[in-house]
Amino acid sequence: MQSSEVRSKFLKFFENRGHKIIPSASLVPENDPSVLFNTAGMQPLVPYLLGQEHPMGKRIADVQKCVRTGDLDDIGDNRHFSFFEMMGNWSLGDYFKKEAIEWSHEFLTKKDEGLGLDASRLYVTIFEGDENAQFDQESKDIWMSLGIREDRIYALPASDNWWSPGDNGPCGPCSEMFYDMKGDIGDLNKEDFLKAIKNEDVIEIWNDVFMEFEKKDGKVIGKLKQKNVDTGAGLERITAVMQGKKTAYDTDIFSGILGKIKEFSKQSNLKAERIIADHIRASVFMIADGVLPSNTDRGYVLRRLIRRAVRYSDILGFEHGELFGVVEAVVEKYKDTYSELTENAVIIKKEIEKEENKFRETLKHGLKEFEKGVDPFVLATTYGFPIELTLELAKEKGIEIDLEKFKEKMTEHQKLSHTASAGMFKGGLANHNEKTIKLHTAHHLLLAGLQTVVDKNIKQRGSNITEERLRMDFLSDRKLTDEEKLKVEDWVNDKIKQGLNVVRREMSKEEAEKIGAEMEFGAKYPEIVSLYFIEDANGNPISKEFCGGPHVSNTKELGQFKIQKEEAVAQGIRRIKAVLL
Ligand code: SER
């Protein structure tokens, strides 16, 4: 079974069980400064798991694009991908354990409508209980009622069977399904089962999370308003299982991409081939969702991915420019599912080309520094000069490199940068405190202000809101004049003073498009959408945006609006930072 069929079967199965299908959200979280990328299917749905009504109802199914780049050194093995697709069915305060488990089992094992996997090759884990929640007897009973034998159900601690996206947000115990990849593994005691996972003889294919709890600052603080179900089934893993392969690299998902890489390679090196395939695939999706290479945050992740891909393509002996063949293979594979790839194909290629050239410049500088005899640690961290390259050159020139010392320094450096990026997650998901909400409403006013005062064609390209400030990227070729900045500020402050109502409405996507509501860059929307209007005293909208909220109910709550900075972030893209005093 091809990956595209796995995707469509999954959605159809849940559609037949009352779920509404929604498109994948962008890889870049909307108005959530606490995470760089959506790392799980649940992330874009956090407000709804916390109790906000979803315009499409209480039963939803989707395939969400995700990025996890925790440890790039794991890429190239069988299971880690920096980009992946997560299939999920969602109950937002609707059904709970019984239906979730029964449907997971039915989809996996049923012929025709499901995947028709062999039920006798399944193993299941459940939560063993701790001070936050008790042993999950209910899930165990449901699994047994479906014919899973008691000795194939393993109770595991929170470290394995409690799912949360970080230190804050909705969370809960989970039940995971594993599949015997060999076909004849048979019964396993708990110890052997855990060993089999390690050896990849059994692999996890599905996770049912029963999200009825909430975490704050790393502690479970109690129950949510509603009982939710968050299920996640990795498309890459399930496709591998369906095609009898140990890894998705050996399935149709990667066959075209790896085929191209082999065509350009002058030697074979499985790990290098997989790294290029993985990194270019992730880079293509990131750029399509508006991320550009830079030295900070998301841009830095993208920069590292592209540079590693270039480096490994050099090792394989690619000619300059051949990496584009790989980019094209990625677009080709996904173009029917994700139209943003073809829509942005030109930008994607341009950005990867620019980054490759910059990297080559860096390498040249690094080479000069190397010749001057600079420390390999400085070469790596300041010039992005890979240690393998330093070692190769040193060997050529008969110079000794103290690799141990280099490793020590790098470990220390990585510890520091991990701490810095861990800090990113501290604010929690979908930061819905009062200050952030106010800045969110100010963000809508700012866009309307720019369109009214500067140019009605201004389009938003990205947004990021913290407790302290809002940030908006928009398409424009030129700097704002000081006079324009003042005028925009005055316009926004005037709207604040007038005390205008902020109203949420749901309507069909078609209608929302017809009335010209602003859309988030790169976002795909479901058939029914939620919109926020800011209306003048006569009920005429001065701002209308596709938006999940939340917002203040009247602009008079905002205080004084002030633009702090207006600058270029990339060619044709300007950035405004603004605050409320
Ligand atoms: N959130 C869970 C996961 O990512 C299930 O979707 O595994």
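As the structure lists them, so they are numbered: ligands from 1, and atoms in each ligand from 1. Below, each value reflects all heavy atoms present in this structure, side chains not excepted, and no hydrogens, waters or symmetry copies.
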Taking the six-membered ring for Trp, are W206 and F10 parallel (under 30°), tilted (30 to 60°) or perpendicular (over 60°)?
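Rings of W206 and F10: tilted, 30 to 60°.
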Just say parallel, tilted or perpendicular for the rings of Y338 and F285, cut-offs at 30° and 60°.
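Because their plane-to-plane angle is over 60°, the rings of Y338 and F285 count as perpendicular.
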May I ask you to check whether Y95 and H19 place their ring centres under 6.0 Å from each other?
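Yes: the rings meet the under 6.0 Å criterion.
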Heavy-atom contacts under 4.0 Å between R68 and ligand 1: side chain, backbone, both, or neither?
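Side chain only.
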Taking 4.0 angstrom as the limit and counting only heavy atoms of [X], give me the atoms of ligand 1 inside it, by number and element.
| X | answer |
| --- | --- |
| M86 | 3 (C), 4 (O), 7 (O) |
| T231 | 5 (C), 6 (O) |
| A40 | 4 (O) |

Sequence neighbours excluded, which residues qualify as ring pair (Phe, Tyr, Trp, His ring centres under 6.0 Å) partners of Y179?
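Scan of Y179 (ring pair (Phe, Tyr, Trp, His ring centres under 6.0 Å), adjacent residues dropped) gives none.
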Considering only distance and modelled atom types, tabulate donor-acceptor pairs under 3.5 Å from the side chains of residues 248-255, sequence neighbours left out.
unit_1	atom_1	unit_2	atom_2	d
T251	OG1	A248	O	2.7
T251	OG1	I253	N	3.2
D252	OD1	S3	N	3.0
D252	OD1	Q243	NE2	2.7
D252	OD2	S3	OG	2.8
D252	OD2	K333	NZ	2.8
S255	OG	D252	O	3.4

Any N or O on G41 sitting closer than 3.5 Å to an N or O of ligand 1?
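G41 vs ligand 1: no N/O contact under 3.5 Å.
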Polar atom proximity, W90 to ligand 1 (N or O, under 3.5 Å)
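Checking ligand 1 against W90, no N or O pair falls under 3.5 Å apart.
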Please list the nearest protein heavy atom to atom 6 (O) of ligand 1 with its residue and the distance rounded to 0.1 Å.
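Atom 6 (O) of ligand 1 sits closest to the protein heavy atom D230 OD1, 2.6 Å.
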